[in-house]
Structures are given as C-alpha cells and as structure tokens.
Amino acid sequence: MSSSTMPTSRSVNIGSRLTAMAKRVPDQLAVVMPWNDRRSRPRAGQTRSYRWVTFAELERDSNIVAAGLQRMGVKPGTRIVLLVRPGIEFVMLTFSLFKAGAVTILIDPGMGRQHLLDCLQQARPEGFVAIPLAHIARLLHRKRFPQARYFVTVGRRWGWGGTTLRRLMKGTTDGYRTVSTTAEDPAAIIFTSGSTGPPKGVLYRHGNFDTQVEEIRRRYDIQPGGRDLAGFPLFGLFNSAMGVTTIIPDMDASRPASVDPCKIVEAIEDWQIDQAFASPAVWNAVGRHCVDAKLKLPTLRRVLSAGAPVPTHVLRNLQETIAPDGEIWTPYGATESLPVASISARQVLSETAEKSATGAGTCVGTRFERIQWKVIRISDHPIATLADAEPLSRGQIGELIVRGPVVTTEYVTRTESNAWSKISDGDSFWHRMGDVGYLDEGDRFWFCGRKAHRVQTDGGPMFTIPCEAIFNQHPRVFRSALVGVGTVPHQSPAVVFETWPNATPANDRDRDQLIEELHQLGQRYEHTKVIPREQLFHHPSLPVDVRHNAKIFREQLAMWASEQINGRKG
C-alpha cells in the first residue's frame, strides 16, 4: 500500500540530511552528553563534565561505521536491532544504519522484558547492534532469532561473535557511498507503546522521516545553531537532521516520571539551551520544581511536549518559568502518524482550557500543512474503503482518520492490524488514529479519548477525557479514569481517581467525604450525572505506561473497579 502524497521516484535517504548539515555547520557541536569519568573536569561555568562530537565528527564516524557494516554484509533492507543507551553512539549508529540502507529496529526497553522479547522476535531481525547486556539476553533466547547473523557490540565483547564498535571505528571509508534509497524504501521499524493492545511494529520509510523533519522544522521555525535538550532520544535524530545541537540530559528516558528536575535545570543552564523536548511527566516535575524554588530559565524559548495530553497546570508552571517571549508547543500524533496537529500553551491557557475543564475535550490544535483529516462515525470493525466510512459534521464526536506523507503505510508485525487501521481511498489510504473527538468551526480537533476506552452504556457512549475533566477540577484530584463495568454495550460507568501526594485521604471518613464532593461535582454536568456515587473509587496510584507516565491502563482499572463492586456485593 502506498500513499499518493509520497513520490516514489526521487532519491531520499534520511541519513543524507546529516551529511548536508555537516557541510553547513561542520564545527558546531552535534551531540553532547554527561560524562562521568572521574578524570574529567567541568568546563568553566559548568557544574559537571560532558563529552561531545561536532557535526563533522558525527558525519565522519557514521560514514566509517556504515562502511564497516557494508563490509560485514549488511545490505539495503537488512533488519538490524539497535539497543544502545541514549547518547552519542545512539545517534551516530542510527545514521550509520540509515546510510547503509539497513532497516533499523527501534524499541523502548521500558515496555518490559517479555514485551521486548516478543516484539523483537516478531520483527525477525538479521542482526543486533547492542550493548553487552542485550547480547547476553539475545544468547539466552537465541532460538527466537534464527535469522540473526550480524553482531556489533557497543562495549566489551565476550563469547558471542561478531565485532565491536571500537573495531569498526578503526576502519576506512574506501569505496563507501551512502546507499541511494527512495522515499518508499524502508528505513526503520518502531514499536507502538502497547497502551491499548499489544505493541505493533510500524514500518517507517525514508520519505516519512524526511517529511517529518521538514514539517517540524517549518511549523516551529527551527533553524541550525539552536541547542535542544532531548528528553526523548528519538528527537535527537531530528535535531541532527536540522543542524541543532542535541544535549542529552542525565535521566532515564524510559522512566520520565523518575526524573530529577535539578539535573534538567543543570543541563539547561550549563548549555544555555533554547529548545527542549520531553514528555509531560518531565515537564510536570521541572515546572513544579522551578515554581517552588522561584527559578527562571530565561534562555529557554521553545518547549515541546508530546506523548500524552499536557495538563494545564504543567503549561502554566512552564510558561511562568521560561523566557517571557518563549512558547510551549504540544504536538499531537501517534507512532503511526506524527506530527498531525499542534497547539501552543498560550492558545490553550487563553482559549481552550476553560472549555476543556467543563468537558469539551482537549483541543490539540490545527493540522500540519500536509495532513488531511476527517471525523467519521465510530466503528469497531474494519473499514475497507472510504466509501464505507460515514463522515460526521463539525461538532459531532467520531473517530479521527488522517492522510499525508508522514502517515506510515503498514504494520510489519501483528499484520492483521492493518485491516483494522487502514482505509483504502483510490491509490492512497487513510489511517484510523484510534482516537475519538470532533472538529470545530476553526478546523481544530478536540480529543475526547481513545476509541477503545469509551464506555458503552444503554444510554449511549461516554468518553474518557470529557468525563475525567469534571472530576479533575477538584483540587485534591491529580488524575482520574473513566472505566466501564460489565459487558458491552450494557456497561455501567465508574470513575477511579488518584489524589495529589499531599492530599491523600487521612482515613475512611475523609475518603468518603471526598467521594461525596466528587459525586456532587459530577451531578452538575449532564454528561457525568449518570455516574453513581458508589462507583467512585479512590486508588493509591493509577497504573500508567512507563514511556510517558501519562497513558492510564484503563483496562486494568476496569477489572479493579469490578472487583471493588463485587466485593461489596459479597
């Protein structure tokens, strides 16, 4: 399946964007990361030590490694797993694999060991470029990867064969040329988070990446010479393609909620960073820390946050902290299609936040230039062609479908999902985002939740984001989750809520009083009136995804709520 919006004839290799930037800004720092060698010393004016490479050095090293991979036998289309910690080597190796024409398998270790192994097996890798610990795991489960024969160890190699990155780096580029690929050629397999089902491997083509870079650069006016704090490692790849210096902070990118905000502030101040990208969980911690400590970050003029809706309190704290003329942007999209839309914090705080708080949904803004979108009637079945989809009028809640050159064409694992996610339209296709919401008169999309999370009652569907917003109004509530109890389509709605750490109920009486206050709050709005008091539950800590610490596992909470109700009956 191909998209008519993505030309197939032109030569496109996303790795060539690094080459172009190395020619344009050769001496500019490309990637900077913390350096914990005891022999190192901080530079003047900095609080800690760092190591770095320039764009010219990153280009040279990626070419040397690409040449080495080709000599090993890696050919265009060879699937190679990359399991390397965020840092200089991660960025360099990714571009090396692009340049060699390999298909890079990128996967978040934070999804858990079993999911990780299952995803890797389904991707059918032919090689591993990985740290020693990952190679040990590969050996222990070697029967899962019968095609694997190319091995590169980033670090010390023991008895598992292959070569090391250090040895590849001693090679030459004699006879090497970046592989000539087209927009349609595969470049990577990136896995979804699995927050609404098993993780799926999404096929990215060189044209997808190339258009992503151009769309992001144009929408946010990103120019070479900037300095970006990359709280999400993949964004470091976009930086290198745009001539922006990537500063990698001292944090576990797979567990953003555990971030030490002092280390984020330290990096911003050490490098006078003007741009930063991280999940809402990171900015929640940083914003609260800066407000409490009365800290300002005057160099920070552009902040990006994605992966989940960003709460208004996070936007307010950040807006108060960054440069007065700075802006916070929240791009909207999914692993299968990114970016789709964007909105600024100023727009949210001045135009949409009040409506969101009373159940209008979360406005994700206007679409990117080359994205087309429609809202169609919700269906829980495959939709073969666009003629089979029923378009809805503005203001009507339905499911969102999108089309454009950043929209990926297919899943290459769990391929049965393709029929459920793609809608044919002549020689192109539309992707079903799995999100529900509506378009307003300004062609802005208002997100009302995931389709799979809607509660289907006898009175009609109830949507998570509009309902949860009502209970989140209470000053003691940190977050809440609407879940369905019983069988579809005769479910009964329940709300499970988590309080702020300093607002945990002191005893049963306090908890009951809080539940009563929430019930009275729900009674004030038509769309939450049907939620009975006895189906409001306090939970000590809602289960959320590791990657963004924001996507609530409502399926788990639905079972938990059912157990609470059945326990009362028993």
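These values consider heavy atoms only, across backbone and side chains, with no hydrogens, waters or symmetry-generated copies.
- Annotation for E534: atom CD counts as buried by contact number, over 12 foreign heavy atoms lying within 6.0 Å.
- In this view, R533 and E516 satisfy the salt bridge (charged side-chain N to carboxylate O under 4.0 Å, His left out) rule, not counting sequence neighbours.
- Ring orientation note: the planes of F537 and W560 are nearly perpendicular, at an angle over 60° on the 30°/60° scale.
- With C119 as the fixed residue, the side-chain contact (heavy atoms from CB on, under 4.5 Å) test singles out one of T413, D108, I107, T192: I107.
- A salt bridge is defined here as a Lys NZ or Arg NE, NH1 or NH2 lying under 4.0 Å from an Asp or Glu carboxylate O, and E214 with R218 meets this definition.
- Pairs passing the ring pair (Phe, Tyr, Trp, His ring centres under 6.0 Å) check and including a residue from residues 290-318, sequence neighbours excluded, read H313-W500.
- With respect to the salt-bridge test (charged N to carboxylate O, under 4.0 angstrom), the residues R454 and D380 qualify.
- Looking at R370 and E215, no side-chain N of the basic residue comes within less than 4.0 Å of a carboxylate O on the acidic one, giving no salt bridge.
- Judged by a 6.0 Å distance limit and a 45° cone about the ring axis, K422 is not positioned over the six-membered ring of F429.
- For F463, the ring-ring contact (aromatic ring centres under 6.0 Å, His included) criterion is met by no residue, not counting sequence neighbours.
- Residues F497 and H538 bring their aromatic ring centres within 6.0 Å.
- In the displayed structure, R219 atom CZ is contacted under 6.0 Å by more than 12 heavy atoms of other residues, nucleotides or ligands.
- When only modelled atom types and interatomic distance are considered, S480 and N472 share a side-chain donor-acceptor pair under 3.5 Å.
- Within the structure, ring pair (Phe, Tyr, Trp, His ring centres under 6.0 Å) contacts touching residues 333-362 (residues at least two apart or in different chains) do not occur.
- The pair D510-R476 meets the salt-bridge criterion, since a charged nitrogen lies less than 4.0 angstrom from a carboxylate oxygen.
- Electrostatic pairing of R302 and D221 does not count as a salt bridge here, judged by no charged N lying under 4.0 Å from a carboxylate O.
- The ring of F235 has its center no closer than 6.0 angstrom to the ring center of F232.
- For residues 285-300, there are no side chain to side chain donor-acceptor pair (under 3.5 Å) pairs, not counting sequence neighbours.
- The aromatic ring centres of F445 and Y438 sit 6.0 Å or more apart.
- Residues forming a salt bridge (charged side-chain N to carboxylate O under 4.0 Å, His left out) with D435 (at least two apart in sequence, or on another chain): R450.
- A salt bridge links D508 with R511; the closest basic N to acidic carboxylate O contact falls under 4.0 Å.
- The residues D425 and R403 are annotated as salt-bridged, a charged nitrogen and a carboxylate oxygen being separated by less than 4.0 angstrom.
- Residue-environment remark: CD (E416) exceeds the threshold of 12 foreign heavy atoms within 6.0 Å.
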